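Worksheet for the structure shown next.
Small disclaimer: the values here were computed from a predicted structure and weren't measured. Naming convention: chains lettered A, B, ... in sequence-line order (proteins, then strands); numbering from 1 in each chain.
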2 protein chains.
Amino acid sequence: MPAAKTKKLPPSEGGLCCGSLTETPLADGEANELARVLGALADPVRLRLLSLVASQVEVCSCDLEVPLSRSQPTISHHTKVLVEAGLLVGEKRGRWMWWRVEPDRLAAIRKALGG
Amino acid sequence: MPAAKTKKLPPSEGGLCCGSLTETPLADGEANELARVLGALADPVRLRLLSLVASQVEVCSCDLEVPLSRSQPTISHHTKVLVEAGLLVGEKRGRWMWWRVEPDRLAAIRKALGG
DNA sequence: ACTAGGTATCGACATCTGTCAATGTATCAG
DNA sequence: CTGATACATTGACAGATGTCGATACCTAGT
């Protein structure tokens with residue numbers, strides 16, 4: 001998107017309010033926000049990461065490298081993207097980062113998609 | 001995705017079966033397929049295109065350029081992406097292409113997302 | 001047949017994205 | 001303090017993506 005300025009909003013700024021796609025034409029801002037979050041989901045590795053975390057309530061980064069077959073920096077990159085989209089939450093305990101999913105956020109996306 | 005081979009499967013090949021993200025860890029193939037479809041949705045112009053068509057049942061390409069502020073080739077590109085994702089269906093009548101959305105496909109995505 | 005209008009395709013371009021090696025930072029064990 | 005461990009950040013690179021102008025393809029009218 002040569003013209004658009006994503007700007008990497010903080011996780012809090014997760015509008016995603018209002019009605020669904022199928023009801024009324026999406027406003028420009030709503031479309032941008034929804035596209036941003038869907039973009040975070042539109043990657044096989046991130047989808048599998050998310051489902052791995054969801055299936056175990058909490059997972060640390062170190063346990064993701066092997067099942068996802070990606071290097072440590074790449075895992076770190078993907079968790080960051082998911083956090084910025086509001087889909088993942090991390091908590092540092094000792095040396096480990098523990099991740100869990102944000103089910104409300106997924107629900108909001110489903111709703112925006114016509115749920 | 002340097003390694004992955006999207007391959008641009010025909011619209012029919014739209015698996016997207018099985019359970020949701022949040023239940024069991026996504027298999028590799030399922031993750032690829034879901035990411036492919038979500039990628040088609042992860043664009044503000046395509047989201048607005050889809051919602052424009054949905055709000056009017058049927059729309060021809062010529063009526064999309066102005067509201068979406070994009071050139072005719074760009075509109076054509078986006079409709080193609082949405083068709084390949086199984087989200088849009090087109091029918092040529094005379095000189096015009098008439099588009100409508102595939103609600104079942106959207107529903108399948110919501111379900112895959114934990115609906 | 002010729003022309004005009006609606007779409008699709010092609011080529012080019014700038015930007016975005018996923019990936020890893022190298023390096024930096026924080027925390028724990030001894 | 002020292003070394004090891006878990007994670008984040010940086011830099012670089014190849015490949016994907018969104019965009020448009022130019023052009024080709026189809027269909028309808030004349």
Side-chain angles (χ1 to χ4, degrees), chain A residues 1-9 11 28 31-32 35-50 53 58-66 68-85 88-100, chain B residues 1-9 11 28 31-32 35-50 53 58-85 88-99:
Chain A
M1 244 177 308
K5 287 194 183 250
T6 308
K7 217 42 182 309
K8 231 117 206 198
L9 303 168
D28 227 81
N32 278 313
R36 202 174 71 90
V37 180
L38 288 172
L41 281 174
D43 179 276
V45 174
R46 286 196 288 271
L47 286 174
R48 288 169 53 216
L49 194 163
L50 217 54
V53 174
E58 266 194 341
V59 176
C60 81
S61 294
C62 54
D63 288 331
L64 292 170
E65 296 182 36
V66 171
L68 295 177
S69 316
R70 292 296 186 284
S71 71
Q72 178 270 318
T74 298
I75 300 293
S76 186
H77 165 67
H78 286 306
T79 53
K80 185 178 186 178
V81 171
L82 289 169
V83 166
E84 283 171 349
L88 204 62
V89 178
E91 183 190 347
K92 187 162 193 172
R93 289 205 291 273
R95 287 182 270 198
W96 294 271
M97 275 298 287
W98 292 93
W99 304 105
R100 53 187 172 74
Chain B
M1 247 174 307
K5 287 193 182 253
T6 309
K7 216 43 181 308
K8 232 115 206 201
L9 303 169
D28 227 80
N32 278 313
R36 202 174 69 90
V37 180
L38 287 172
L41 280 176
D43 178 275
V45 173
R46 285 196 288 270
L47 285 174
R48 287 170 53 218
L49 194 163
L50 217 54
V53 174
E58 267 194 339
V59 176
C60 82
S61 294
C62 53
D63 287 331
L64 292 170
E65 297 182 36
V66 170
L68 295 177
S69 316
R70 291 298 185 285
S71 70
Q72 178 269 319
T74 298
I75 300 293
S76 186
H77 165 67
H78 286 307
T79 53
K80 185 178 186 178
V81 170
L82 289 169
V83 166
E84 284 171 350
L88 203 61
V89 178
E91 183 190 348
K92 187 160 192 173
R93 288 204 291 272
R95 290 182 269 204
W96 293 272
M97 275 298 288
W98 292 93
W99 303 104

Run the side chain to side chain contact (heavy atoms under 4.5 Å, CB included) check on B/Leu49 and B/Leu88 step by step: do they pass? CA-CA 10 Å; B/Leu49 194 163; B/Leu88 203 61; 4.1 Å; yes
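One can place CG of B/Leu82 at 16 Å from P of C/dT7, the figure rounded to the nearest angstrom. B/Trp99 places its CH2 atom 9 Å from the C1' atom of C/dT7, with the value rounded to the nearest Å. Protein atom CG of B/Asn32 is 13 Å distant from nucleotide atom P of C/dG18, rounded to whole Å. Atom CG of B/Asp63 and atom C1' of C/dG6 are 11 Å apart (whole Å). One atom, CG of A/Leu49, and another, P of D/dC7, lie 12 Å apart when rounded to the nearest Å. Computed from coordinates, the A/Asp43 CG to D/dG15 C1' distance equals 14 Å when rounded to whole Å. Rounding to whole angstrom units, CD1 of residue A/Ile75 and C1' of D/dT9 are separated by 16 Å. Here the P atom of nucleotide C/dT9 and the CE atom of B/Met97 are 10 Å apart, to the nearest Å.
Side-chain N/O atoms of A/Thr74 include none lying less than 4.0 angstrom from OP1 or OP2 on C/dT19. Taking 4.0 angstrom as the limit, A/Lys92 places none of its side-chain polar atoms (N or O) nearer than this to OP1 or OP2 of D/dA6. A sub-4.0 Å separation between OP1 or OP2 of D/dG18 and a side-chain N or O of B/Arg46 is present. Side-chain N/O atoms of B/His78 include one lying less than 4.0 angstrom from OP1 or OP2 on D/dT19. For the OP1/OP2 pair of C/dC20 and a distance below 4.0 Å, the side-chain nitrogens and oxygens of A/Ser71 include at least one atom meeting the criterion. For the OP1/OP2 pair of D/dT19 and a distance below 4.0 Å, the side-chain nitrogens and oxygens of B/Arg70 include at least one atom meeting the criterion.
Side-chain contact check for B/Leu47 versus A/Leu38: some heavy-atom pair is nearer than 4.5 Å.
Between the SG atom of A/Cys60 and the CZ atom of A/Arg95 there is a distance of 11.5 Å, given to the nearest 0.5 Å. Within the model, atoms CZ of B/Arg70 and OG of B/Ser76 stand 15.0 Å from one another, a figure rounded to the nearest 0.5 Å.
Taking only side-chain atoms of B/Val45, from C-beta outward, the nucleotide of D/dT19, C/dT7, C/dT27 with the closest atom is D/dT19. Proximity note for A/Arg95 (side chain, C-beta onward) versus D/dC7, C/dG5, C/dT27: the nearest is C/dT27.
The residue A/His77 sits close to a base: some heavy atom pair falls under 4.0 Å. Residue B/Ser61 is classed as a sugar-phosphate contact, given heavy-atom separations below 4.0 Å to backbone atoms only.
Position along DNA chain D of the nearest nucleotide to B/Gly94 versus A/Glu65 favours A/Glu65 as the more 5'-ward residue. In terms of position along DNA chain C, the nucleotide closest to B/Ser76 lies nearer the 5' end than the nucleotide closest to the other residue of the pair A/Ser69 and B/Ser76. Mapping A/Pro73 and B/Gln72 onto DNA chain C by nearest heavy atom places B/Gln72 at the nucleotide closer to the 5' end. Heavy-atom distances to DNA chain D give each of A/Lys80 and B/Trp96 a nearest nucleotide, and the one nearer the 5′ end belongs to A/Lys80.
Checking side-chain atoms of B/Arg46 against main-chain N and O of B/Ala40 turns up a donor-acceptor pair under 3.5 Å. Judged by distance alone, with hydrogens and angles left aside, the side-chain atoms of A/Arg93 form no donor-acceptor pair with the main-chain N or O of A/Trp98 at under 3.5 Å.
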